[in-house]
S.K.: 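Here it is, the structure, as structure tokens.
Keep in mind that this is a model prediction, so the values were computed, not measured. Lettering follows sequence order; numbering is per chain, from 1.
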There are 2 protein chains.
Amino acid sequence: MAMQAAGTDRPATIHDIAALCGVAASTVSRALSTPDRVNIRTRERIQAAAAELNYLPNSQAKALSSGRTGAVGVLVPDITNPFYFDLIRGTQLQLKAAGYTQLLVDTEESDEVEASTLEQLRKTADGVIVAASRLTDDALLAAAGKAPLVTINRDVAGVPAVIIDTPSATSQALDHLISLGHTRVAYIAGPLTSQSSERRWTALSEAAQDRGVEVRSLGPFAPKTQSGAAAADAAVHSGVTACIAFNDLIAIGMLQRLRERGIRVPEEMSIVGCDDIFGADFCNPPLTTMASPIEQAGRVAVSMLLAKLNPLAGGGIRTRSVMPTHLTVRGSTAAAPAPSTAP
Amino acid sequence: MAMQAAGTDRPATIHDIAALCGVAASTVSRALSTPDRVNIRTRERIQAAAAELNYLPNSQAKALSSGRTGAVGVLVPDITNPFYFDLIRGTQLQLKAAGYTQLLVDTEESDEVEASTLEQLRKTADGVIVAASRLTDDALLAAAGKAPLVTINRDVAGVPAVIIDTPSATSQALDHLISLGHTRVAYIAGPLTSQSSERRWTALSEAAQDRGVEVRSLGPFAPKTQSGAAAADAAVHSGVTACIAFNDLIAIGMLQRLRERGIRVPEEMSIVGCDDIFGADFCNPPLTTMASPIEQAGRVAVSMLLAKLNPLAGGGIRTRSVMPTHLTVRGSTAAAPAPSTAP
DNA sequence: TTGAAAGCGCTAACAG
DNA sequence: CTGTTAGCGCTTTCAA
């Protein structure tokens, strides 16, 4: 049984260990944090005592005196968006493996919440990972100047980032639609403040120009299934035969709306989503979408951040990492409907 | 522009404010934490100075000296399970509203991870909310003795809890199936360590006995869509015409498997899920399931916890709160298939 | 290699 | 109402 210090049952401190071993508290501190700077025999005595007393370092105290908190913040715009599940799991696993604690915050798609969270985290965390930031480039750059920070899906010069390369997959998606005979395609845009959406649209319109087909942008729409209805209506009204949506949430919402309206997918309208979130494979019809290794993106982001925090021997620090994306074809896309004007 | 203390750019402390106002640091502390114990004029001077210096309290220091951290831990067994989204959002909103920080941890369906997290959190958090604990009753009771703790979906004598009343909804589900003509029903069980699953099964078998129909338990199955295939196969093999699944994840997985096997839902097999998670309404066919106010459950759990942390004037503390659940009928249930034996 | 001492920034008695 | 004085538990000089 683990004895408690002096019979009390409050958690043991280094002083308890020091007393038990007849050494100074500072020696205990060293033995526990920098073992090689302590005589091996006393070190072992101390470690044994620590185990015996069931010692657990107090992270607050540690943080206060050392300046490092052992925690890193992870900011996501919407925790209920399945896209972030795997990302969060990826960061959490990698962080835990490195002995860090994850501080997960839902910034509610709000740049203000994001900014204030970032500010608060400067004291609370050693670094921050920001997914799909809604902040301006300048704000982000400033934040990155004040604290170690890496973004996910946000490309700002001077800010380390892991980018999920959906733009290139978007061209693939367009080619897929073209090969099916579509010539009028809509891009269903995400939030104005989303750089992903912007990059996607740029890539898409360039690709369209190359291929001589027509694409138009509809929106912006909030990245939620509820937006799907408006998006679907807009798409139908615009006369396109296929849509590439900002994300799967919107795409799934569109699927539902089109079904309500009796418009068949994919016969009368093809839909392509993005992210391959939970649900994309079992919605009706299953969604053609762009998939990427999101959990891995989370891990990579953590690695990049930790590399900044602990500038060890290892070579230079990566400041930009691009994750590949590929098209996963399912039932929501098919050949374009025959033109309605008879020959 | 906010001036920085003494021209340095390190974050301002109460000492900087004290110096600027010509008062003692402790007065600043009071003015900021217990404003009513300070002369209104000096208080205002101090608050102005704090704003001017862009003062932000250091939570570590605060925690170290006061013993309170301003954080509460929220433990969930699987962060990628959509069931927890709304729960997490509920706790986060309520916590933030009360000025607390949420420490979200994914315990990976592991009792060990859960136990060690709980231990670590004793220092780091003022209290803990544990959803769907995989711990034994004794372990949970012990943990609740050492730190303020409230469970969600886990009923242990002496431990405050918010319970989502799926057992009662389960009877509703059974009645629904019976009214459709089903007489042989299977319960697709969740993890052995899940008390929810156990309670559900108890309620279901009692209700079945009352109504004179046959139910059997199949499983246990992991609460993931991947388990759906095995569950579906087991159900088909057992000869039942309807299933009540531990949760929607499994139910959705079953839907997929049955489709693969060419078994029509609901014509040949009816499926009822539980939780009404993201996806239950747009899977194919849409899932009949049991819905409950999960976000609210999260809020209630937080309220109960905070009531323990701040024993204010308000009357007695609720130690148990039951959230209602109701059946949401969608396309995955229908009349029982006619018996295969002709008259 | 070890000990003593001085904080980290804040709160909490205890006087005044 | 306000100032003084101790710490919270740990790290980190600086000597020894």
Side-chain angles (χ1 to χ4, degrees), chain A residues 4-6 8 10-47 49-50 53-71 120 122-126, chain B residues 4-6 8 10-47 49-50 53-71 99 120 122-126 310:
Chain A
Q4 283 304 331
T8 75
R10 67 151 169 47
T13 73
I14 51 172
H15 293 101
D16 299 321
I17 301 178
L20 192 59
C21 295
V23 299
S26 52
T27 302
V28 176
S29 175
R30 272 184 225 110
L32 265 20
S33 338
T34 50
D36 24 287
R37 295 185 181 218
V38 157
N39 178 300
I40 183 162
R41 300 193 51 188
T42 57
R43 181 208 311 172
E44 280 168 355
R45 244 172 52 227
I46 289 174
Q47 290 173 333
L53 292 179
N54 215 269
Y55 171 74
L56 226 52
N58 179 320
S59 52
Q60 325 282 152
K62 211 164 187 162
L64 187 55
S65 60
S66 71
R68 271 157 298 133
T69 65
Q120 197 224 326
R122 277 187 60 192
K123 298 276 193 48
T124 312
D126 293 341
Chain B
Q4 283 304 333
T8 75
R10 67 150 170 50
T13 73
I14 52 173
H15 293 101
D16 300 322
I17 300 177
L20 192 59
C21 295
V23 298
S26 55
T27 303
V28 176
S29 175
R30 271 183 227 111
L32 264 21
S33 338
T34 50
D36 23 286
R37 295 184 181 215
V38 160
N39 179 300
I40 184 162
R41 300 193 52 188
T42 56
R43 180 207 313 171
E44 280 168 355
R45 245 172 51 227
I46 290 174
Q47 289 172 335
L53 291 179
N54 215 271
Y55 170 74
L56 227 51
N58 179 321
S59 51
Q60 324 283 151
K62 213 164 186 161
L64 187 56
S65 62
S66 71
R68 271 158 296 132
T69 65
Q120 196 224 330
R122 276 186 61 191
K123 298 277 194 47
T124 312
D126 293 341
N310 314 304

S.K.: To the closest 0.5 Å, what do you measure between CD1 (B:Ile14) and OG (B:Ser33)?
M.R.: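 Answer for the CD1-OG pair, B:Ile14 versus B:Ser33, is 8.5 Å.
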
S.K.: Test A:Asn58 against A:Thr13 for side chain to side chain contact (heavy atoms under 4.5 Å, CB included), laying out the working first.
M.R.: CA-CA 8 Å; A:Asn58 179 320; A:Thr13 73; over 6 Å; no

S.K.: Listed by chain and number, what are the side chain to side chain contact (heavy atoms under 4.5 Å, CB included) partners of A:Ala19, not counting sequence neighbours?
M.R.: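 A:Ala19 satisfies side chain to side chain contact (heavy atoms under 4.5 Å, CB included) with no residue once adjacent residues are dropped.
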
S.K.: So, applying side chain to side chain contact (heavy atoms under 4.5 Å, CB included) with B:Arg30, which one of B:Leu32, B:Thr34, B:Val28 is it?
M.R.: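 That would be B:Thr34; it is the only one of B:Leu32, B:Thr34, B:Val28 passing the side chain to side chain contact (heavy atoms under 4.5 Å, CB included) with B:Arg30.
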
S.K.: Taking five pairs at each end of the helix from C:dT1-D:dA16 to C:dG16-D:dC1, what angle separates the two helix axes (nearest 10°)?
M.R.: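 Inter-axis angle at the termini of the helix from C:dT1-D:dA16 to C:dG16-D:dC1: 30°.
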
S.K.: So, do A:Gln60 and A:Leu64 sit near enough that their side-chain heavy atoms are less than 4.5 Å apart?
M.R.: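 No; the side chains remain at least 4.5 Å from each other.
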
S.K.: Please report the distance, rounded to the nearest Å, between NZ in A:Lys62 and C1' in D:dT11.
M.R.: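 Result: 10 Å.
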
S.K.: Distance check needed: D:dC10 P versus B:Gln60 CD, whole Å only.
M.R.: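 Whole-Å distance recorded here is 14 Å.
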
S.K.: Just by distance, do the side chain of A:Arg43 and the backbone of A:Pro35 share a donor-acceptor pair under 3.5 Å?
M.R.: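 It does hold such a pair.
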
S.K.: Could you tell me which residues satisfy side-chain hydrogen bond (donor to acceptor under 3.5 Å, both in side chains) with A:Thr69, sequence neighbours excluded, listed by chain and number?
M.R.: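 A:Thr69 satisfies side-chain hydrogen bond (donor to acceptor under 3.5 Å, both in side chains) with A:Asp126 once adjacent residues are dropped.
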
S.K.: Quick check for you: to the nearest 0.5 Å, what is the distance between A:Tyr55 atom OH and A:Ile17 atom CD1?
M.R.: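 Spacing of OH (A:Tyr55) from CD1 (A:Ile17) equals 6.0 Å.
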
S.K.: Reading DNA chain C 5' to 3', which nucleotide is the first, and which the last, to come under 4.0 Å of any heavy atom in chain B?
M.R.: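 Using the under 4.0 Å cut-off, the span is C:dG9 to C:dA13.
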
S.K.: Measuring from atom OG1 of A:Thr27 to atom CG of A:Asn39, what distance do you get when rounded to the nearest 0.5 angstrom?
M.R.: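 Here the interatomic distance stands at 10.5 Å.
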
S.K.: Taking NE2 from B:His15 and P from D:dT5, how many angstroms apart are they, rounded to a whole number?
M.R.: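 Atom-to-atom, B:His15 to D:dT5, this comes out as 13 Å.
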
S.K.: Would you sort out whether A:Lys123 and B:Leu56 count as a side chain to side chain contact (heavy atoms under 4.5 Å, CB included), showing the intermediate values?
M.R.: CA-CA 9 Å; A:Lys123 298 276 193 48; B:Leu56 227 51; 3.4 Å; yes

S.K.: How is B:Val23 classified with respect to the nucleic acid when contacts are heavy atoms under 4.0 Å: base, sugar-phosphate, or nothing?
M.R.: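 Here B:Val23 touches the backbone only, sparing every base.
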
S.K.: Rounded to the nearest 0.5 Å, what separates atom CD in B:Gln47 from atom OG1 in B:Thr42?
M.R.: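 These two atoms lie 9.5 Å from each other.
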
S.K.: If you measure from OG on A:Ser29 to NZ on A:Lys62, what distance do you get to the nearest 0.5 Å?
M.R.: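 Answer rounded to 0.5 Å: 8.0 Å.
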
S.K.: Under 4.0 Å, heavy atom to any atom of DNA chain D: which of residues 31-46 of chain B qualify?
M.R.: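 Contacts with DNA chain D under 4.0 Å: B:Arg37, B:Val38, B:Asn39, B:Thr42.
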
S.K.: Tell me if a side-chain donor or acceptor on A:Ser65 pairs with a main-chain N or O of A:Ala61 at a distance below 3.5 Å.
M.R.: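 Yes, A:Ser65 side chain to A:Ala61 backbone: donor-acceptor pair under 3.5 Å.
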
S.K.: Check the interface with nucleotides 12-16 of chain D: list each N/O to N/O pair with the protein under 3.5 Å, or write none.
M.R.:
from, atom 1, to, atom 2, distance (Å)
D:dT12, OP1, A:Arg68, NH2, 3.4

